[in-house]
Amino acid sequence: MQTTLKQRMALMARRIALLDAMVIAVLLLGMATTSAIAAKKQAPTPAAAPADSAQLFEPIRSVIQSPRCVNCHVADGVPRQFDDSRPHAQNVHGGADGKGVTGLACSTCHYTQNPAAASGPHAPPGAPNWHLAPIEMVWYDVGARDICLRLRDPRHNGGRDPAALVHHFADDPLVGWGWQPGGARSLPPLTRPQTVAAVQAWIAADMPCPLQ
Amino acid sequence: MTTLNVNGKSLSIDVPDDTPLLWALRDGAGLTGTKFGCGIAQCGACTVHIDGKPVRSCVMPVTAAQGKAVTTIEGIAADPVGHAVQTAWRKLDVVQCGYCQSGQIMSATALLKAKRKPSDADIDLAMSGNVCRCATYVRIRAAIHAAAATLA
Ligand code: FES
Ligand code: FES
């Protein structure tokens, strides 16, 4: 978590520095001569420089490790709940297929849609095909680099090629529930379109992974 | 107006679409054997079967049950497994105050329909969503084994 905070701070500092640089550049441009502008146009701009890997993966990591996603990408078959990812009440287990145990399927309480608002902020949410992610796709308690490596490896991402990965983020109804969780649940830090754009940018750059 | 198939009968129930099935059954159909405990799927008292599978009726919108077979505690004796469970329940005198027991019997029946010879661990996992404030858990587990034995 420390590293994550540091990374975020560094990212913010970089963004602020970039913003400062842009403001100064605009001022300089205003004062510059026409020939100086022409010369400046030919010089490489920071935006054209290759983006660093951590920067491209970090937005994706921030979403898939948000509670709405990570609470079902667990290693021990026990779904998590709430923003502190506490183990699911009632000793609930995902069972062999991630859809619950014999006699207590997830669908006993989680239907294909969220309950009516009148049920209050913490009634069991719902979406089509409610289930835990398979064991190969664990994001809970995993470092950014390992998540990244797993996400781009078809053996760990449910056999998905880049197009199928985009589809998972963009169209899967259960994944989409993360952005419409109902009740009093918090949302991932990016919207769904922002997340899809981040995944596409990462794929376009050949899926680079951060060093840690 | 919602039409539901409850315990083999077609019922017309006049409730708004987002009414939880529990209240459609209790207030709309007058089937008060299914109990309200928490209203947020935390206790299991409201358990009924939809197409033979257990659900918590307190959070299921009545519209989600349309076109499906709803079975409540009032109709479970017609099912041989449900009958065996109720018989074992009586024989072992499982019930204390009784408030949770409609839900317990519905969950136990669903478990035995899916697994005829459950182990203690199977029972504990399947029944962990049904709370009993009188703590009849030990008798519940024994009665499930007893019902399983009569069904063998
Ligand atoms: S009343 Fe439905 S689970 Fe408690
Ligand atoms: S018998 Fe009293 S609550 Fe279960």
Side-chain angles (χ1 to χ4, degrees), chain A residues 71-72 74 76-84 86-132 135 173-174 177 180-186, chain B residues 15-23 36 38-44 46-65 68 81 85 103-104 106-119 121-131 137 144 148:
Chain A
N71 280 357
C72 291
V74 292
D76 57 5
V78 176
R80 302 301 198 270
Q81 55 183 174
F82 293 91
D83 283 357
D84 58 6
R86 69 191 75 163
H88 195 302
Q90 299 142 327
N91 194 24
V92 162
H93 282 69
D97 62 359
K99 294 183 175 175
V101 295
T102 307
L104 191 58
C106 303
S107 57
T108 306
C109 303
H110 298 276
Y111 309 130
T112 54
Q113 67 202 61
N114 287 328
S119 294
H122 300 301
N129 197 19
W130 194 267
H131 67 283
L132 284 185
I135 190 81
L174 182 53
W177 168 88
Q180 293 185 323
R185 294 171 190 91
S186 68
Chain B
V15 288
D17 281 358
D18 62 351
T19 305
L21 175 62
L22 172 65
W23 299 111
F36 167 78
C38 65
I40 50 168
Q42 294 292 298
C43 75
C46 66
T47 306
V48 301
H49 292 185
I50 301 286
D51 290 340
K53 302 265 169 25
V55 302
R56 306 293 187 242
S57 64
C58 66
V59 285
M60 175 177 250
V62 65
T63 46
K68 309 201 166 140
V81 178
V85 168
Q104 304 283 4
M106 296 309 283
S107 290
T109 303
L111 169 63
L112 285 172
K113 280 162 83 80
K115 198 166 212 167
R116 276 298 155 91
K117 273 244 159 274
S119 64
D122 293 332
I123 294 171
D124 289 353
L125 278 178
M127 300 298 292
S128 65
N130 286 81
V131 179
Y137 302 111
I144 292 174

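Lettering follows sequence order; numbering is per chain, from 1.
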Can you pull every donor-acceptor pair closer than 3.5 Å across chain A and chain B?
unit_1: A/Gln90; atom_1: O; unit_2: B/Ser128; atom_2: OG; d: 2.6
unit_1: A/Gln90; atom_1: NE2; unit_2: B/Ala41; atom_2: O; d: 3.3
unit_1: A/Gln90; atom_1: NE2; unit_2: B/Gln42; atom_2: O; d: 3.0
unit_1: A/Thr108; atom_1: O; unit_2: B/Arg56; atom_2: N; d: 2.9
unit_1: A/Tyr111; atom_1: OH; unit_2: B/Arg56; atom_2: N; d: 3.1
unit_1: A/Tyr111; atom_1: OH; unit_2: B/Arg56; atom_2: O; d: 2.5

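- When the candidates A/Ala89, A/Gly95, A/Cys109, A/Ala105 are compared by the number of heavy-atom contacts under 4.5 Å with chain B, A/Cys109 comes out ahead.
- Most heavy-atom pairs under 4.5 Å with chain B, from the set A/Gly126, A/Pro115, A/Pro124: that is A/Pro124.
- Using a 4.5 Å cut-off between heavy atoms, B/Ala64 makes no contact with chain A at all.
- For chain B, the nearby part of A/Ala116 is the side chain; its heavy atoms alone come within less than 4.5 Å.
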